[in-house]
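Working notes, structure below.
Note that ligands are numbered from 1 as they come in the structure, with each ligand's atoms numbered from 1 the same way.
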Amino acid sequence: MIPYSRQSVDESDILAVTEVLRSSHLTQGKKVEAYEEAVCKYIGCKYACTFNSATSALLAAYTIAGVAKDDEIITSPISFVATSNMFVTLEAVPVWADVKLDGNIDERFIERLITSKTKAIVPIDFAGKPVEIKKIKEIAQKHNLVLIEDASHAFGSTIDGKKVGTYADMTIFSTHAIKPFTTGEGGIVVTDNSRYIQKLRLFRSHGVQKRENWNSDMLMMGYNFRLSEFAAALGYSQLNRLDDFLKKRAEIAEYYDERFKNNKLFATQKIESYQHSSRHLYPIILRPELHCSKEDIFKQLQERGIGVQVHYKPIYQNSFYKERFGEFSLHVSSDFYRSELSIPCHQEMSLDDAKYVADNVLDTINRYAYRGCSF
Ligand SMILES: *Cc1c(COP(=O)(O)O)cnc(C)c1O
């Protein structure tokens, strides 16, 4: 099976991790700091605070931004549930804006959703394609809202040559095993704001600040959301390899783009000339006449050893959200869920693998082309 995404771990990564395992510090040593510095250097931001997952990183960012009970957060439903879960945990209310055909929040809908209760805007860079962050930032600034970007898919993506992570007030990345690079489990918040970074670090570690000798002081509520030293060493080592990963993903994606150009049965995600995508996912968007064949296409491709997946069921369609906030639907988002299939695209694939995937995607979808949805 060729999975839709997977990690790449080589001897240099293993050596970096085992070196830490043989050392005196498995946690709270110097590796986390070195890794955070490397992240800042790569992104071009002032500060980075690592976490044990992007989920805890999101909770930290929302909390530090002051998100609290009954605040409204404008976000997109086409994301992993954690994006909304972590502000619902703080008793804030999701206000979902519809997406565009590329799966990213439609920035034209944001302003009309703003009320006196709106606290933050949380866009997601779907599949690694950057959202229109400059336009969204203008809206956030005009209305005095915090802009928190869930860039879990988009480490290494750029807009106008600048990395995702240099635009929003806080940007979150995931380093889960199958994200652009990995620490096994892990997350990062990057920011240029010195007040935020101090609080993020406190939040990550019990809210406790060390003073002299034995003295320490708990200044705010905090947790243990720290990354271990060996995870940080893996992250540091992976970061050295990231540009190779991104190049490989771009190669595969560009090969698909060429094979699928002008296809009449499905569309692909268009990356604009001013953008670069990490290509965390390669989504294809089936035409409406294929919606009712999607399950068959999915199964066929799985049977042929192609690990397709669907990203994502709109968050509002999950039972928890229906029970909590009632039935809700957005036209493009619901349609996107009916249309989307993610096909394999990662750094462990060869171009031969990509050819096999493209041949079989085209063949399978063509088989269902004329069945229609009226049977
Ligand atoms: C993976 C992911 C998360 C959660 O990341 P973890 O590191 O697994 O906690 C959050 N948001 C999005 C968009 C993701 O893809």
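Residue G187 places no heavy atom under 4.0 Å from ligand 1. Residue contacts with ligand 1 include G186, since one of its heavy atoms falls under 4.0 Å from the ligand. For F173, the closest heavy-atom approach to ligand 1 does not fall below 4.0 Å. Heavy-atom separations between K179 and ligand 1 include at least one value shorter than 4.0 Å.
By the 3.5 Å distance cut-off applied to N or O atoms, E185 is not counted among the residues near ligand 1. For ligand 1, none of its N or O atoms has an N or O atom of A82 under 3.5 Å away.
With respect to atom 10 (C) of ligand 1, the closest heavy atom belonging to the protein is S152 OG, 3.5 Å. Nearest protein heavy-atom contact of atom 11 (N) of ligand 1 is D150 OD2, 2.8 Å. For atom 9 (O) of ligand 1, the closest heavy atom belonging to the protein is T55 OG1, 2.5 Å. The single protein non-hydrogen atom nearest to atom 5 (O) of ligand 1 is A54 CB, 3.2 Å, given as residue, atom name and distance.
Heavy-atom contacts of T83 reach the following atoms of ligand 1: 11 (N) (cutoff under 4.0 Å). Close approach of ligand 1 to S79 is summarised as follows: ligand atoms under 4.0 Å from at least one heavy atom of the residue are 13 (C). Within ligand 1, the atoms closer than 4.0 Å to a non-hydrogen atom of Y312 are 15 (O), numbered from 1 in the order shown.
For NZ of K199, the number of neighbouring non-hydrogen atoms (other residues, nucleotides, ligands) closer than 6.0 Å is 12 at most. A 6.0 Å sphere centred on CG of N144 holds no more than 12 heavy atoms belonging to other residues, nucleotides or ligands.
Using a cut-off of 4.0 Å between Lys/Arg side-chain N and Asp/Glu carboxylate O, K270 and E272 are scored as salt-bridged. Taking a cutoff of 4.0 Å between a charged side-chain nitrogen and a carboxylate oxygen, R279 and D257 qualify as a salt bridge. Salt bridge K261/E258: present, at least one basic N to carboxylate O contact under 4.0 Å. Under the 4.0 Å criterion applied to side-chain N and carboxylate O atoms, D102 and K129 are assigned as salt-bridge partners.
Of the options F181, F173, Y236, F155, a ring-ring contact (aromatic ring centres under 6.0 Å, His included) to Y42 is made by F155 and by none of the others.
Side-chain contact of S152 with S174: a donor-acceptor pair under 3.5 Å is absent, judged by distance alone.
Figure legend: cation-pi geometry between K294 and Y337, with NZ or CZ positioned under 6.0 Å from the six-membered ring centre and within 45° of its axis.
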